[in-house]
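Beneath this line is the structure, given in structure tokens, with notes to follow.
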Amino acid sequence: MRAVLVLYFKYFLLWDDDFSTTIYHTFVALCYLTPILGAIVADSWLGKFRTIIYLSIVYTIGQVILAVSAIHDISDTDRDGTPNNMSLHIGLSMVGLLLIALGTGGIKPCVAAFGGDQFDDDQEKQRGTFFSIFYLSINAGSLLSTFITPILRAQECGIHTKHECYPLAFGVPAVLMGVSLIVFIAGSGMYKKNDPEGNIMVKVCKCIGFALRNRFRHRSPQYPKRHHWMDWAEEKYDKLLIAQVKMVLKVLFLYIPLPMFWALFDQQGSRWTLQATTMNGDFGALAIMPDQMQTVNPILIIILVPIVDNLVYPLIAKCKLNFTPLRRITVGMFFAGLAFVAAALLQLQIDGTLPQFPSGTEGQVKFINMIDEKINIKAGNESIPLEAFSASDDYLTFSEPFSLNLGPGAENVVSLPDGTRSTIVIIQDAATYRHIEFRDITEKSEKGENEMRFLNGFNTTLNVTVGDETFGAIVTYNMSEYVAVSQGAPQFVIKNDVGDECVYTQTLSFGSSYTLIIPSTFAFGPNCADSIRPVMDMSPNSIHMAWQIPQYFLMTLGEVVFSVTGLQFSYSQAPSNMKSVLQAGWLLTVAVGNIIVLIVAEAATIQDQWAEYLLFASLLVFVCIVFSFMAYFYQYIDPSKIEAQFAHMEPNEKEKRKSLDMTKKNVYANDRRGSDSSDSSDKGSHQTKM
């Protein structure tokens, strides 16, 4: 569903790039904050099995609501193809996304762990095979969804008017989620279901809280210092739990710099997708839509994981290089930084091919001659010869009103609105020339489509259609509105009121804009299309989408080295009963990474996208250096050995604590008796005085 979410925000809800990116990353952050809630619910209340079922239902309901929110007909009361109550669609979308975030986040810490619970302690190899298949399934699903979902979105659907089918793109995942839930429940009798044993995360938090409070109460110099601040919890908690918390905190401290990696990684679904919309997706027999470029990541994951595990790491080991897990994580962050440097370099190349649109204090204009003879005009200081039914080569830029001389007795002063592009059409009215002004678009179609319009110079009203889209009735010497047309060779059907028809075919690439001139010499018949004159307002996207592959390769290589190693490191350094704590902590770094994107996107006032890419790359390289210093001083541990040592000491420790508790109770009871006697004596004395 995330594959088309940014485009849904931008083109259905009509949000701008920055706000779309902000809401996208807010949603992703929520998806990785809610695993903490899911872990608490599963461990302390419902158990993993029921938590997966209940939150999957929430997940499915959220997906259904999101699909309903994308149906434009539910508020299109005047049936013009535009929702009349956008607030309703936004409200439903936000409710749907909140439920999805709660559902997907809640089951994240439960699904893999529930699968692992199905194996006994002596089935370590089988459990490892399961996790490998589980990881492969995730990426196979990601590959299929990021390829198929944009195809579903590209379909046209609607009751009264046809639009891109976001309801289908969101509805199919809802149906599949419901089917998968039914299959999961059907296997209930075959599962091993462990009862909840109390949430270790809550115990950890209480233990840390008590240690901090106790340390604060004993902050005076008269109290002897302890080896570690967590040792201040010894008055209430056993040393085994305290030792386990120390191990967890040691790893969580290393997590602090890691969100910066995810801040870059998750921009594949936002900024990189928007970058692809200004590129050429023609791969010969296959036309790739911008949001389908994300399929490169799961494809490369499936290829690179076995190569890195079975070839790269063994080769490094044979070279006698100590490539520790923390060094792998550092290298992974470095690769992600390089990916954004590659994205910045590519963006510079893209910017060089984009039109130079007017600034906020300028206006741009081009001219079209609709007279059946060559004319010479003068705009400001520019002399422009125009052949019959042709246009000037490029736009002229003016920052103030300019004089337009069309010939004797036809001189005018033209004032262009700031920040706009215009086309001035020159026609002949009786014996004089005059001009008509039309507004042009000032940005490329960010879906890679081609913006097309018709200028009618024929002596009667014409109706033009392409596929299911219509340009409307175009009267003489008038311009139609722009219509977005996909890449290929679409056929434009031109009709008059008496049923005559002309078919014109125009080969289109990605991201161009054309004005198609129907001249006064146009005539219906076998060769009618030959007289139509295409005028290119904007050239098509010329940088190929394949140039995004290097940045995807570097980012995916960084993910393989960073993410997989990070999970293995966290598992190996975590106490036996706190694997879920560190799993939630790991997922939390993803959430914080998306929050970083929100902060940078809102706080940084960077106009150039390539500069923002370099900013993120620089931040990650800085964080990478900091992490390398932290990793240098980290000492690897074997949690099982430490737990075994404290488990051996625990019986004696419990006896000591029991004896200490009894002593405290006796002292407390004696204090209470002494206090009661004193109170009675004071009361009696008071009564005597009365």
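Looking at Lys246 and Asp231, a side-chain N of the basic residue comes within less than 4.0 Å of a carboxylate O on the acidic one, giving a salt bridge.
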Between Tyr255 and Val592, is the side-chain contact (heavy atoms from CB on, under 4.5 Å) condition met? List the steps. CA-CA 11 Å; Tyr255 282 173; Val592 177; over 6 Å; no

Would Ile23 and Phe19 count as a side-chain contact (heavy atoms from CB on, under 4.5 Å) here? Give the steps. CA-CA 6 Å; Ile23 299 300; Phe19 192 62; 3.8 Å; yes

List the steps and the verdict of side-chain contact (heavy atoms from CB on, under 4.5 Å) for Ser542 and Asn280. CA-CA 6 Å; Ser542 57; Asn280 186 344; over 6 Å; no

Report the C-alpha distance between Ile329 and Val561 in whole Å, list the side-chain angles of each, state the deciding distance to 0.1 Å, and finish with yes or no for side-chain contact (heavy atoms from CB on, under 4.5 Å). CA-CA 6 Å; Ile329 292 174; Val561 178; over 6 Å; no

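Here the shortest heavy-atom pairing between Phe253 and Met630 reads O-CE, 3.3 Å. Residue Glu235 comes nearest to Asn214 through the heavy atom pair OE1-ND2, 3.2 Å, listed as atom of the first residue, atom of the second, then distance. For Leu254 against Ala631, the heavy-atom pair with the smallest separation is CD2-N, 4.4 Å. Between Phe562 and Gly332, the shortest heavy-atom contact is CB-CA, 4.1 Å. Scanning both residues, Met230 and Cys207, for their nearest heavy atoms gives CE-SG, 3.5 Å. When every heavy atom of Gly106 is checked against every heavy atom of Leu55, the shortest pair comes out as CA-CD1, 3.4 Å.
By the 4.5 Å heavy-atom criterion applied to side chains, Gln294 and Trp272 are not counted as neighbours. Between Trp232 and Leu212, the closest side-chain pair of non-hydrogen atoms is not below 4.5 Å. Side-chain contact between Tyr313 and Arg328 is present, with heavy atoms from C-beta onward closer than 4.5 Å. Between Leu326 and Tyr636 there is a side-chain heavy-atom pair separated by less than 4.5 Å. Within the 4.5 Å cutoff, no side-chain heavy atoms of Phe335 are placed close to those of Met555. Residues Gln267 and Thr273 have side chains not in contact (no heavy-atom distance under 4.5 Å, counting atoms from C-beta outward). Between Thr353 and Asn541, every side-chain heavy-atom pair lies at or beyond the 4.5 Å cut-off. Between Val623 and Leu619, the closest side-chain pair of non-hydrogen atoms is not below 4.5 Å.
Rounded to the nearest 0.5 Å, atoms OG1 (Thr26) and CG (Leu33) are 10.5 Å apart. Taken to the nearest 0.5 Å, the CE atom of Met260 stands 12.0 Å off from the SG atom of Cys624. For the atom pair CD (Gln548) and CZ (Phe553), the distance works out to 16.0 Å, reported to the nearest 0.5 Å. With rounding to the nearest 0.5 angstrom, the OG atom of Ser56 is 12.5 Å from the CD atom of Gln63. To the nearest 0.5 Å, atom CD1 of residue Ile100 and atom CZ of residue Phe27 are 5.0 Å apart. To the nearest 0.5 Å, atoms CD1 (Ile350) and OG1 (Thr277) are separated by 8.5 Å.
For the side chain to side chain contact (heavy atoms under 4.5 Å, CB included) test, residues two or more places apart in sequence or in another chain that qualify with Trp547 are Met279, Leu346, Ile543, His544.
Here Phe184 and Phe49 bring their ring centres to under 6.0 angstrom of each other. Between Trp610 and Tyr613, a ring centre-to-centre spacing not shorter than 6.0 Å is recorded.
By the 6.0 Å and 45° rule, Lys48 does not stack over the aromatic ring of Phe114. Cation-pi geometry between Arg219 and Phe216 is satisfied (NZ or CZ under 6.0 Å from the ring centre, within 45° of the ring normal). For Arg215 and Phe210, the positive end is not near the middle of the six-membered ring at less than 6.0 Å and at most 45° from its axis.
With Ser145 contributing its side chain and Ser142 its backbone, the two residues share a donor-acceptor pair below 3.5 Å. No side-chain donor-acceptor contact under 3.5 Å links Asp608 to the backbone of Ala611. Side-chain N or O atoms of Gln118 include one that pairs as donor or acceptor with a backbone N or O of Lys192 at under 3.5 Å. Judged by distance alone, the side chain of Thr589 and the main-chain N or O of Trp586 form a donor-acceptor pair under 3.5 Å.
By the neighbour-count criterion of 12 heavy atoms within 6.0 Å, atom NZ of Lys206 is sparsely surrounded, having that number or fewer from other residues, nucleotides or ligands. Counting non-hydrogen atoms of other residues, nucleotides and ligands closer than 6.0 Å to CZ of Phe283 gives a total above 12. By the neighbour-count criterion of 12 heavy atoms within 6.0 Å, atom NZ of Lys641 is sparsely surrounded, having that number or fewer from other residues, nucleotides or ligands.
Between Phe265 and Trp262, the ring planes lie perpendicular to each other; the angle is over 60°, past the 30° to 60° tilted range.
Remark: the Lys108 side chain and the Thr34 side chain contain no N/O donor-acceptor pair separated by less than 3.5 Å.
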Which atom pairs, donor and acceptor, lie under 3.5 Å between side-chain atoms of residues 336-344 and protein residues at least two apart or in another chain?
none

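Contacts classified as side chain to side chain donor-acceptor pair (under 3.5 Å) and involving residues 549-561 (residues at least two apart or in different chains) are given here: Gln275-Gln551, Asn297-Thr556, Asn297-Glu559.
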